[in-house]
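The structure appears right after this line, and notes come after that.
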Amino acid sequence: TEDTNVIGFNNAVFAWSKDAEDGTQTPSARSFRLRVDGKLMFQRNALNLIIGPTGSGKTSVLMALLGEMHFMPTSIDAWYNLPREGGVAYAAQESWVQNETIRENILFGAPYDEERYNKVVHQCALARDLELFTAGDKTEVGEKGLTLSGGQKARVTLARAIYSSAEIILLDDVLAALDVHTSKWIVKECLQGDLVRGRTILLVTHNVALASPIADYIVSVGLDGIAREVQDLSVFLAKNKKLAREL
Ligand code: DGT
Ligand code: MG
């Protein structure tokens, strides 16, 4: 069974290396497997959270959706899907910039629309940073120019995804490098802003307290590599006290 409009998994198992599929191979150090027992269906036109301790497999969930992991055909009715017609934007956990201006880094080849661009800069909390640069958003970054801070790079990476017209936006821990004030700004102005309306967001985050109140669907990945839907976050956190402290 496959619904092309669904983003999700049903009883799927994924591995990083093809070798891991073959039981006769010596088990490598990289024997991690991502498992989904039952159904995970991320909601369209909604904010989906992926939470879990470090190393559990949150990035792997995004990679499995992107087709970057090996799908292991172990169960009968397993399927996964990432509809691509409307475009997919992916902000990697390791944020990056190219050797060009900040503006070009955000536009990423898309045409310049002043109103949209200014909104993105505002919502992604970049306005003040740009004001502080003499050349503003014409400032060259990367090898040729200024080196951006981790938090600035993270916001440029976020801005690139929001500026794009992609209908599906995968954001891997974009709040991680940011202080509380900036994270709050982005949750309020960007993740609840007009530019994400009608789009599907999958946000990996450790900042559950901040993001969960506006989430429509929450998935947790455990240290066993099993991803599950969290139906009641307060019950889940009460049962997972150690994780609740880490998050
Ligand atoms: P984080 O970002 O530190 O909070 O951790 P997660 O939850 O994003 O964990 P993830 O998905 O990066 O790692 C889960 C396991 O998968 C871990 O044992 C490392 C392994 N892994 C992650 N990325 C790769 C990769 O690109 N290649 C291989 N072979 N293994 C990977
Ligand atoms: Mg990760």
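Quick note: numbers below take in every heavy atom, side chains included, and nothing from hydrogens, waters or symmetry partners. Just so you know, ligand 1 is whichever comes first in the structure, and atom 1 is the first atom listed for that ligand.
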Donor + acceptor pair across side chains of Asp216, Gln43 (<3.5 Å):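 Their side chains do not contain a donor-acceptor pair, so the 3.5 Å distance test is not met.
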Vertex the Mg ion (ligand 2), rays to OG1 in Thr59 and OE1 in Gln93 - rounded to 10°: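 The two atoms subtend 90° at the Mg ion (ligand 2).
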Ligand 1 contacted by [X] (non-hydrogen, < 4.0 Å):
X: Gly57; result: yes
X: His206; result: yes
X: Gly52; result: no

Proximal ligand 1 atoms for Gln93, defined as those under 4.0 Å from one of its heavy atoms: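 With Gln93 as reference, the close atoms of ligand 1 come out as 1 (P), 2 (O).
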Where ligand 1 meets Ser60 - atom numbers and elements under 4.0 angstrom, heavy-atom basis: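 Here the atoms of ligand 1 in question are 10 (P), 11 (O), 13 (O), 14 (C), 16 (O).
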Side chain to side chain, Ile102 and Gln152, heavy atoms closer than 4.5 Å: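 In short, these two side chains do not touch, never coming nearer than 4.5 Å.
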Close side-chain approach of Val180 and Leu210, heavy atoms under 4.5 Å: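 No; the side chains remain at least 4.5 Å from each other.
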Centroid-centroid under 6.0 Å between Tyr117 and Tyr112 rings: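 Yes: the rings meet the under 6.0 Å criterion.
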Under 2.8 Å: N/O/S of Ser60 next to the Mg ion (ligand 2):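 No - counting backbone and side chain alike, Ser60 has no N, O or S atom under 2.8 Å.
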Heteroatom test (N, O or S) for Thr54 near the Mg ion (ligand 2), limit 2.8 Å: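 For Thr54, the answer is no, given that no N, O or S atom comes within less than 2.8 Å of the Mg ion (ligand 2).
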Geometric N/O contact Asp173 with ligand 1, under 3.5 angstrom: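 In fact, backbone or side chain, Asp173 has no N or O that close.
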Min N/O separation Phe32 to ligand 1 under 3.5 Å: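 Among all N and O atoms of Phe32, none is under 3.5 Å from an N or O of ligand 1.
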Ligand 1 contact on Pro53 by region, counting heavy-atom pairs under 4.0 Å: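 Only the backbone of Pro53 comes within reach of ligand 1.
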Proximity to ligand 1 by part of Met63, non-hydrogen separation under 4.0 Å: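 For Met63, no heavy atom sits under 4.0 Å from ligand 1.
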Side-chain donor/acceptor of Lys58 to backbone N/O of Gly52, under 3.5 Å: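 At least one qualifying donor-acceptor pair exists.
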Ion pair Lys119/Asp194, N-O distance below 4.0 Å: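 Result for this pair is yes, salt bridge flagged.
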Geometric class of the Phe71/Phe14 ring pair [parallel <30°, tilted 30-60°, perpendicular >60°]: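 The rings of Phe14 and Phe71 sit tilted, inter-plane angle from 30° to 60°.
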Matching residue for Asn105 among Val141, Thr157, Thr139 - test: side chain to side chain contact (heavy atoms under 4.5 Å, CB included):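 For Asn105, the side chain to side chain contact (heavy atoms under 4.5 Å, CB included) test succeeds with only one of Val141, Thr157, Thr139, which is Val141.
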